[in-house]
Amino acid sequence: MFKELRILKSHGSQYVKNLRTQPVSERFRGRPVIAADINRDEIAVVSALCPLSAINSEKGSIDLGRCSFCNECALALPGKIRFTNDYRIAVNRREALVINPGDDVPVRISENHIRPEIRKMFSGSLKLRQVSAGGDNSCEMELNAAGNVNFDMGRYGIEFVASPRHADGIVITGPVTENMAEALQICYDAVPDPKIIILAGTDAISGGIFKDSPALNRKFIEEHHIDLYVPGNPMHPLTFINGLMDLLGIK
Ligand code: SF4
């Protein structure tokens, strides 16, 4: 008994107490800030080097739904582009993922665009089925971590379940390959109404580095309403959990 208590004491508190304010490594790359005075020549340089065409060649904005957070643009223009370690970047409107020059405010979900049934039905319990639609296992690992003893999203009743019939929605990772298109649709159809769709990671949101590949079939994404976009390559568990907390109205 005393031995177990000693072990417990030596382990200390393992869970993240406040998922809203938990500090992360300074090296983590989250919400970017682009200087308001970035000029056309500088925009041309970074938009040409971006491997994912995430930088608009006219405006100099960065699309977080395409960005792989590789940091190449910030290295090329250290005085003009930097990545903060703000991990609260999940949103419910695709256009809100675009960061313009001069923007240095938190990225937040739009309350007006949350379907009313989501908070009514799922704010106390949300069961999710994960579909890896051509994923590379990076986002999938981070989703696993979201439920571990540290991040413990289960404290809010948010869990992954084995069957879509027991789920309230699906979390899609990967760029959605042709081979997974039908399986994704079947899984979605098996989830009872009302149901939600979450895109986790750059590949799911835009196709990522594979976006022009003929091996993709993104019809499902184009034809369905998306309730939450969680950017990152892969996304951080805190980005995923905070996005869900915002969506469900958890303070
Ligand atoms: S960090 Fe994003 S925007 Fe910058 S070069 Fe990499 S992919 Fe492009």
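When a ligand or atom number is given, it counts from 1 through the structure's own listing order.
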* Asked: Under 4.0 Å from any heavy atom of F83, which atoms of ligand 1 are there?
  -> 1 (S)
* Hphob cluster co-occupancy, M180 + I221, side-chain heavy atoms under 4.5 angstrom -> yes
* To do: Please answer: with hydrophobic residues joined when any side-chain heavy atoms are less than 4.5 Å apart, are Y188 and V171 in the same cluster?
  => no
* Structure fact -> Listing protein N, O or S under 2.8 Å around atom 8 (Fe) of ligand 1 gives C50 SG
* Would you find more than 12 non-hydrogen atoms of other residues, nucleotides or ligands less than 6.0 Å from E26 atom CD? -> no
* Asked: Is the shortest distance from a Lys or Arg side-chain nitrogen in R115 or D227 to a carboxylate oxygen in the other one below 4.0 Å?
  -> yes
* Can you tell me if N179 and T177 form a side-chain donor-acceptor pair at under 3.5 Å? -> no
* Does any non-hydrogen side-chain atom of I99 lie less than 4.5 Å from one of V107? -> yes
* Interatomic spacing from CZ in R129 to CG in D168 - rounded to 0.5 Å -> 14.0 Å
* To do: Enumerate the atoms of ligand 1 whose separation from the nearest heavy atom of N71 is less than 4.0 angstrom.
  => 1 (S), 6 (Fe)
